[in-house]
Visitor: 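Take this structure, written in structure tokens, and hold onto it; I'll ask about it next.
Letters A, B, ... mirror the listed sequences (proteins, then strands); counts begin at 1.
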Amino acid sequence: MSTTHAETVDGALPHEPEKATLEGRNKVLSFWLFLGGEAVLFGTLFATFLALRNQTNEGPTAGELFQLPMTAAATLILLVSSLTSVFAVQAMHRHKVAALRVWLMITVLLGLGFLGLEIYEFAEYVRAEKFGMTTSAFSSAFYTLVGFHGAHVAFGVLWISVLIGQLYKKGLTVVTAPKVYVSAMYWHFIDVVWVFIFTVVYLLGKVG
Amino acid sequence: MAHAHSVKRHKGLMDWLTTVDHKKIAILYLLAGGLFFGIGGIEAVLIRLQLIKPMNDFVSAQTFNELITMHGTTMIFLGVMPVIFALMNAVIPLQIGARDVAFPFLNSLGFWTFLFGGILLNLSWIMGGAPDAGWTAYTPLSTTTYSTTHGVDFYTVGLQIAGLGTLIGGINFLATIITMRAPGMSFMRMPMFTWTSFITSAMILFAFPAITVGLVLLSFDRILGANFFEVANGGNPVLWQHIFWIFGHPEVYILILPAFGVISEVIPTFARKRLFGYSSMVFATILIAFLGFMVWAHHMFTTGLGPVANALFSIATMLIAVPTGIKIFNWLFTMWGGQIRFTSPNLFAIGFIPTFVMGGVTGVMLASAPADFQFHDTYFVVAHFHYVIVGGLVSGLLSGLHYWWPKMFGRMLNESLGKLSFWFFIIGFHLTFFVQHFLGLMGMQRRVFTYLPNQGFDTLNMVSTIGAILMGIGILIFLINAIVTATKPKGVADDPWEDGRTLEWAIPSPPPEYNFKQIPLVRGIDALWKEKMAGNKGMTPAEPLGPIHMPSPTILPFVMSVGIFIAGLGFMFSKEQFSNSFMSLIFNNWIVVIIGLLITFGSMLLRSLYDDHGWHIEVDELDEEGVKA
């Protein structure tokens with residue numbers, strides 16, 4: 001069994017430090033598996049939404065509610081944050097800890113921007129449109145699907161923030177590198193889920 | 001020789017609360033699973049006592065509903081699942097020649113979340129009424145309109161927490177089997193129990209998130225006033241049935257595949273022959289898992305999906321009989337011409353085969369959609385699924401427990417008591433459930449709390465109840481056997497059945513905490529048997545003797561599970577009207593939920609911030625222990 005003893009950047013850190021130890025490789029593999037389970041989770045939520053999206057119970061419909069410009073802005077923000085997390089992992093592979101931290105911070109800021117827009121959107125629906133969790137089956141399915149995604153983004157923001165702190169304290173090691181790598185996998189995953197939400201919930205809601 | 005550990009070694013209770021050793025976690029799973037199995041069994045006996053005669057008033061209709069709901073839920077999620085996990089934990093790292101699972105910390109977390117979920121569910125008995133909508137919790141029966149107590153909330157939240165533990169366990173075993181196999185152990189050299197557990201873990205990964213969502217939707221409907229299943233506001237109750245069975249049907253294969261694995265280990269050992277058709281067994285397992293995801297709507301033939309859907313799901317369901325039949329014949333051909341020893345594990349394994357075949361035959365009958373309109377919701381269905389789950393799965397688990405007991409505890413179970421418990425169990429089982437086929441065909445509905453006399457139901461119900469009591473005696477004898485055995489001194493041989501074929505029989509019973517002093521080199525299927533046949537004493541090591549790295553014990557998984565438990569209770573009672581103003585303050589303002597989540601996420605943060613470097617067992621210590629063994 002390989003050890004987890006920390007190695008510093010000054011030592012011989014391999015090109016892909018996230019896969020240098022058995023623990024690291026296990027973590028990456030299991031995170032792929034976990035994302036498989038997450039895909040089923042969101043798949044079931046999407047199926048629920050598709051089954052109920054026209055059941056508006058005389059409340060607001062998708063066409064009346066959604067403002068595509070704002071959702072497009074949120075999409076752009078989240079897509080760019082996925083790009084910045086790629087830059088972060090590339091910086092990690094070049095062992096540039098400072099650049100890695102900066103890219104992660106930008107990712108977190110973009111994530112916060114996305115969350116801000118989503119909270120504003122939900123608040124507007126509840127305040128101006130009287131569209132709450134209990135309004136209709138459509139509203140329940142909408143808030144549950146999009147809210148689950150939002151909660152994932154919020155968790156990702158907290159997680160990556162903690163990792164930035166650890167990178168300051170512990171530096172880039174074979175222990176911290178797998179954490180950064182799987183957090184980037186997670187971030188891409190929630191980005192992909194958003195692409196589906198944008199298509200299935202918002203675009204289809206506007207035109208379908 | 002004295003040696004300073006860099007880690008604090010815990011003793012007594014603290015050792016069990018903090019352990020990350022898969023062998024100790026296996027025992028925890030067995031104890032907790034056994035406890036819940038006992039509770040579920042008592043519920044079963046109460047159900048049968050109520051039905052012993054027509055127009056009985058032993059329990060009320062409401063209590064009866066709670067009993068059947070909790071019996072099903074407890075047995076499936078809290079009884080047999082953890083016993084499966086007990087065997088997986090006890091055996092798989094040993095069978096693949098590993099020192100532990102891939103994630104010892106997660107292993108412990110999975111156990112504690114399962115346990116606290118189970119406790120939460122069972123708290124319902126003393127906190128205002130158990131769930132009463134059946135283990136399937138069909139909407140609208142399970143919505144607040146028709147189920148007014150907190151019972152179903154205990155169901156949704158308790159299962160959610162317990163299911164989280166199962167999912168964690170599933171991912172852990174997938175990773176363990178993929179990455180931790182000893183040198184030389186290719187996938188096609190893996191023992192069948194490892195294979196079936198691997199496939200079961202994959203099914204857990206893809207099936208449990210569906211029920212996670214289903215339970216979220218139902219709890220949102222009940223607690224937050226959402227409308228997923230409220231027809232008046234646009235909801236759709238059939239949606240629940242789909243989501244439940246998209247999880248629920250794979251779940252029954254999640255349960256039975258490890259039992260198939262146990263049978264595939266026990267029968268070759270006691271026939272002194274290698275498993276017949278190993279490759280076809282592997283592919284049959286994979287095929288069953290694949291088809292298992294394709295057949296969920298056969299539970300919904302009478303829902304009104306239409307003839308096309310019913311026909312497709314009928315055919316898909318019948319197809320499963322093919323890979324299952326392959327397995328049955330392979331077991332028979334393994335025994336054919338073997339030197340069979342009728343030990344207690346082998347009795348349970350041999351009893352399994354005809355019993356499971358009978359459950360399979362009624363399964364094909366039920367798969368026929370037109371016939372199912374007659375069978376649906378009758379005792380015929382009850383008989384069918386008890387044949388596969390009790391006569392199949394529970395027999396398999398009892399076989400596995402008798403088989404691996406010496407490896408887990410270092411003591412042989414008493415063979416005479418084991419055989420006695422088998423005969424009580426199998427005779428009691430068939431008495432209980434064989435007659436239920438006919439009760440169902442004669443029109444007795446399942447889940448009815450009583451029935452009128454003189455419909456031809458009276459005698460058969462009486463027989464069924466007597467059978468249930470015999471089966472209960474069989475389980476009690478097993479329990480007595482376990483207790484009697486626990487008082488005996490340890491010290492069975494490495495290979496107490498003498499014909500062990502796989503790696504777990506190459507190391508001491510019970511194994512040291514690092515399992516293998518040196519990771520073994522695997523040179524073929526049935527690795528130990530191969531060495532025996534080559535005249536070698538034990539396995540050839542694949543590595544030189546060196547210090548062994550071990551993970552540190554930790555209390556964090558326990559604390560995290562307590563946090564989830566608190567948050568779950570807080571969520572359940574968030575809309576409750578309390579007479580006490582303090583209680584309303586902390587519950588209605590989500591303070592309890594926030595405290596629980598803070599405990600959980602705080603523990604996750606601690607786990608992330610403080611690296612666990614583990615500790616080492618040095619070579620001189622290994623030698624010292626080697627002398628003792």
Visitor: Considering only heavy atoms, which portion of B/Leu205 lies under 4.5 Å from any heavy atom of chain A: side chain, backbone, both, or neither?
Guide: both
Visitor: Using non-hydrogen atoms and a 4.5 Å limit, figure out which bit of A/Lys169 sits close to chain B: side chain, backbone, both or neither.
Guide: neither
Visitor: In residues 121-145 of chain A, which residues are in contact with chain B at a heavy-atom separation under 4.5 Å?
Guide: A/Met133, A/Thr134, A/Thr135, A/Ser136, A/Ala137, A/Ser140, A/Ala141, A/Thr144
Visitor: Measure distances from B/Ile204 to the heavy atoms of chain A and classify the residue's part below 4.5 Å as side chain, backbone, both or neither.
Guide: neither
Visitor: Please look at B/Phe220 and chain A and tell me whether the side chain, the backbone, both or neither of the residue comes under 4.5 angstrom of a heavy atom of that chain.
Guide: side chain
Visitor: Side chain, backbone, both or neither: which part of A/Leu29 has an atom under 4.5 Å from a heavy atom of chain B?
Guide: side chain
Visitor: Which bit of B/Ala202 comes within less than 4.5 Å of chain A, counting heavy atoms only: side chain, backbone, both or neither?
Guide: neither
Visitor: Given heavy-atom pairs under 4.5 angstrom as the criterion, report whether the side chain, backbone, both or neither of B/Thr212 touches chain A.
Guide: side chain
Visitor: Between B/Leu239 and chain A, which part of the residue has a heavy atom less than 4.5 Å away: side chain, backbone, both or neither?
Guide: side chain
Visitor: Measuring from atom CD of A/Gln55 to atom CG of B/Asn236, what distance do you get when rounded to the nearest 0.5 angstrom?
Guide: 7.5 Å
Visitor: If you measure from CG on B/Leu609 to CG on A/Leu163, what distance do you get to the nearest 0.5 Å?
Guide: 9.5 Å
Visitor: For a quick test of reading the model, state the closest non-hydrogen atom pair linking A/Phe148 to B/Val216 and the distance between them.
Guide: CE1-CG1, 3.8 Å
Visitor: Just wondering, do A/Lys170 and B/Asp611 contact through their side chains at under 4.5 Å, heavy atoms?
Guide: yes
Visitor: What part of A/Leu52 gets closer than 4.5 Å to chain B, counting heavy atoms only: side chain, backbone, both or neither?
Guide: side chain
Visitor: Please classify the contact of B/Leu217 with chain A as side chain, backbone, both or neither, using a heavy-atom distance under 4.5 Å.
Guide: side chain
Visitor: Is B/Phe601 close to chain A through its backbone or its side chain, or both, or neither, when contacts mean heavy atoms under 4.5 Å?
Guide: side chain
